[in-house]
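Notes to accompany the following structure.
Residue numbers start from 1 in every chain, and the chains themselves are labelled A, B, ... in the order their sequence lines are given, proteins ahead of strands.
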Amino acid sequence: MTDAPLILPDSAGPGSSADDELLAGLNPQQREAVTYRGDALLIVAGAGSGKTSVLTRRIALLLHRREAWPSQILAITFTNKAAGEMRERVAELVGDASRGMWISTFHSACVRILRREAEQFGFTRNFTIYDSGDSRALLKRLVKDHEADAYGFTPSAVQSRISKLKNELLDAEGYARQANMSDPAERKFVEVFTDYQRSLQKANAFDFDDLIGQTVFLFRAFPQVADSYRRRFRHILVDEYQDTNHAQYSLIRELTKPVAGKAPEPYAADGMMIFEPDPTPAPGEDATAASLTVVGDSDQSIYAFRGADIRNITEFERDFPGAKVVLLEQNYRSTQNILSAANAVIGNNFDRKAKNLWSDRGPGDKIVGFTGYSQHDEAQFVADEIEELRRAGYPYSEMAVFYRTNSQSRALEEILIRSAVPYKIMGGTKFYERAEIKDALAYLVAVANPADDMAVRRILNRPRRGIGAVTETAIGAFAEKQGISFRDALRHADGLGVGPKLQAAISRLDAVLAEAADLLTPASGEVPPATSVAEGLKILLEKSGYFEALRASRDPQDEARLENLDEFVAVARDFARNNPDGTIVDFLAEVALVSDADDLDDASGVVSLMTMHTAKGLEYDAVFVTGVEEDLIPHRISAGEPGGPQEERRLFYVGITRARKRLHLSLAMTRAQFGEVSVAMPSRFLQEIPAELIDWRQSPGDVNSRGGMRSRALNARRPGGWGSGSTKDDHFGVRALPQRDRLTPLSTAMDRFPNKVTGKVRDNGDLELAAGDRIRHDDFGEGRVEAVTGEGAKRIAHVQFDTAGRKKLLIKIAPIVKL
DNA sequence: AGTACATCCATTTTT
DNA sequence: TGGATGTACT
């Protein structure tokens, strides 16, 4: 992939044709963003304005013009996926030179730094990383130990508070100083926080927030360490800057401070080399502070709830006096109609810097609007429309359906399955959150970082060895008394005062862990090959009896668990292939920092379903934004939060701007939630879109919440289209209904479509259908089978219904009978 | 240790 | 409504 660089690093100097090539096709603003040189540059990059291109070319140009060595560049993104993409695109431009650069997420960059410096402050380099599940589990125990639940603290509440504080770089002590400590609940919280931090340290572990926060502390506490990185990184680039929280912001600030000390110190405290000594003095060696480039769009800030501070970007110019600001407003993604809608919506956010996206790809199609009676009706519209687009030549992989909350996916899934539309839910159940995977990970952690009690405790009785809570406590007490770790206590089964059976079980576990440790972390200190990770994993799972227990089980789910574990072993093998020098510690870090959203984007040939949050950074030819209702988008809970509605508007904006050519906005008049059917109102954001941009297939005014449609004739000029309440819009209902075949009920007939599509899963067994058969469908009426495709449980009937048009149905589950 | 019942609770989640 | 979690039985 990197072997065919477009431009060889040494091919030419400034002003060369290779330079031109790097700047080719850029608009003036983009060009400015690529070529500007100065201490601080803010690139305000509207949606679809080509920011990745700008960023990668900026890097390439720095290298190409010899303004920087690869090792002097630090490019930071938020997701592994974004980092991977950037690395790839830089490699396309500069070839192998891209290897010396740090292009990574905040978190992995910090892990790299912390690994080198961990010994400085009481950790060892094989520390483990606690994901949020791990920290919640730890907090669960601590909340109980401290009886904090009596004060109404739940583990997750404590977790989110701690996380917020860490994002603000406050530790327990710092918080205690400014908190009202006469409040017993506050004291309790501080107690738990303190203990949590102590436990992490004892386990030689960092949680996600610590990775950033502790790196900042490290830099502040050890200026010479900070200096060594400041000397190294001369060009720092940060993507999605609007999503940085205070800790991340501080990290960037630390790195862009002028170098304080004089003596170059290319080595970390442990003697590890930080940068390759270059034979030639590095360009910019005498510069005092690194140059900083940040890219972002405050209109796409949708993570305030996780501590992202939009002010980091809005106040950039104040933070970095003399900063240059470049505005990228030309959008290369969407048609003008889509952009106009997006602009109109986001324009309602006050206190925002004006920005107007424009496109030169013409107006394009109008936005399609649809109001369903129920969420199922809405889903049917989506399914029908997807099929229509499909027939028009759009591949499934170029279509996406967005929603605000995960629970909305259910109705969509039901209908999509029935309509035989292949789909994939992005960011759904996380692979690494499955119990069996966490178990396997715990085995590895127990080997890699024996100080991590949590991991050892987790595997103590997995598979079942008869080691219960009592024994676990005994081991813990023994460890405490002997001043050894929980892991080491397993070696002394005979000293625990437990029965012989238990002793044997404990010793067996100890032996398995020891065997794997021999392989993975040999006492000789020699580094085992990366392939040994997969081997060690297999040893652990096999010899611990984990596999055996699953194989012996007759729980059908255990079969799936086995498959998942096989997949996990395959992940370990992949890792070895991609990281020939990787160790078990590297593997664990990678796994902890990688989300499966990263690799699932290859959703080849299927429609993607996801929340609007997940959609950020992605784009599709056709986009469906569903559930455009009050209380959903904007979500009702956001109403009470300061800045809430504005963030919701940005979220909607993000959703809209994902679409290249076709945008569909849909809603339902009634929505079953929490077991109750409630009447939904169209979202206020809909009214913010100019009426002429939307082609309503069925407008809110056409549908009432009792399940009928108004007569078209009556509806044609009717004030008060909202169905309930508002009286001031001609937005909806003005248009008489669409250009579809008017004789058939629009969409699926809502009167015949009660909101219980759900029903029981129907099983038509071996119902045989062939072309020419006539069938009756519960919802669509009678029709003629035109073809049958697929096999077994996935056989699909292509049916031409007499009134409902052409549909694809999964024969096995469709509510049909052969006539 | 495993099951059955009860209870609570329902945004978003790059790492 | 349903799912996740906790408690009380067997």
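Using the six-membered ring where Trp is involved, Phe206(A) and Phe123(A) have ring planes that are parallel, under 30° apart on the 30 and 60° scheme. The aromatic rings of Tyr303(A) and His613(A) sit tilted, their planes meeting at an angle between 30° and 60°. Aromatic ring orientation, Phe233(A) versus Tyr229(A): parallel (interplanar angle below 30°, classes split at 30° and 60°). Aromatic ring orientation, Phe624(A) versus His664(A): parallel (interplanar angle below 30°, classes split at 30° and 60°).
In this structure, the OH atom of Tyr403(A) is 9 Å from the P atom of dT13(B), given to the nearest Å. Rounded to an integer number of Å, the gap from Arg649(A) CZ to dT12(B) P is 21 Å. Atom P of nucleotide dT11(B) and atom NZ of Lys616(A) are separated by 22 Å, given to the nearest angstrom. Taking atom CD of residue Gln159(A) and atom P of nucleotide dT15(B), one finds them 16 Å apart after rounding to whole Å. The distance from atom CD1 of Ile637(A) to atom P of dT13(B) is 13 Å, rounded to the nearest whole Å. Taking atom NZ of residue Lys164(A) and atom P of nucleotide dT13(B), one finds them 15 Å apart after rounding to whole Å. With rounding to whole Å, Met612(A) atom CE is found 16 Å from dT14(B) atom P. Counting to the nearest Å, the C1' atom of dA10(B) and the CG atom of Asp631(A) are 15 Å from each other.
Mapped onto DNA chain B by nearest heavy atom, Glu647(A) and Ser108(A) fall at different nucleotides, with Glu647(A) at the one closer to the 5' end. With DNA chain B read from its 5' end, the first of the two nearest nucleotides for Ile467(A) and Tyr303(A) is the one closest to Ile467(A).
The side chain of His613(A) lies closest to dT13(B) when the candidates are dT14(B), dT13(B), dT11(B). Comparing dT13(B), dT11(B), dT15(B) by their closest approach to the side chain of Thr611(A) singles out dT13(B). Candidate nucleotides dT15(B), dA1(B), dT11(B) were compared by shortest atom distance to the side chain of Arg464(A), and dA1(B) ranks first. The Phe78(A) side chain lies nearest to dT14(B) when the options are dT14(B), dA10(B), dT15(B).
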Let's go through Glu629(A) and Arg404(A) carefully: what are the C-alpha distance in whole Å and the side-chain angles of both, what is the deciding distance for salt bridge (Lys or Arg N to Asp or Glu O under 4.0 Å) to 0.1 Å, and is it a yes or a no? CA-CA 10 Å; Glu629(A) 298 152 27; Arg404(A) 174 66 236 265; over 6 Å; no
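OP1 or OP2 of dT13(B) sits under 4.0 Å from a side-chain N or O of Thr614(A). For dT14(B), the OP1/OP2 oxygens have no side-chain nitrogen or oxygen of Asn80(A) closer than 4.0 Å.
Remark: ring of Phe305(A) overlaps the six-membered base ring of dT12(B) in a stacked fashion, centroids less than 5.5 Å apart, planes less than 30° apart. Residue-nucleotide stacking is present for His635(A) and dT11(B), judged by a side-chain ring centre under 5.5 Å from the six-membered base ring centre and planes under 30° apart.
Nucleic acid contact for Gln248(A): none, since no nucleic acid atom lies under 4.0 Å from a heavy atom of the residue. Contacts of Asn406(A) with the nucleic acid, taken as non-hydrogen atoms under 4.0 Å apart, involve only primed sugar atoms and P, OP1 or OP2.
A donor and an acceptor atom sit less than 3.5 Å apart, one in the side chain of Arg306(A) and one in the base of dT15(B).
Remark: the separation of the P atoms in dA4(C) and dT13(B) is 16 Å, to the nearest Å. Atom name P, nucleotides dT5(C) and dT12(B): the rounded distance is 15 Å, in whole Å.
Checking Tyr130(A) against Asp452(A) by side-chain atom types alone, a donor-acceptor pair falls below 3.5 Å.
dT12(B) has its base anti relative to the sugar, with a glycosidic angle deviating from 0 by more than 90°.
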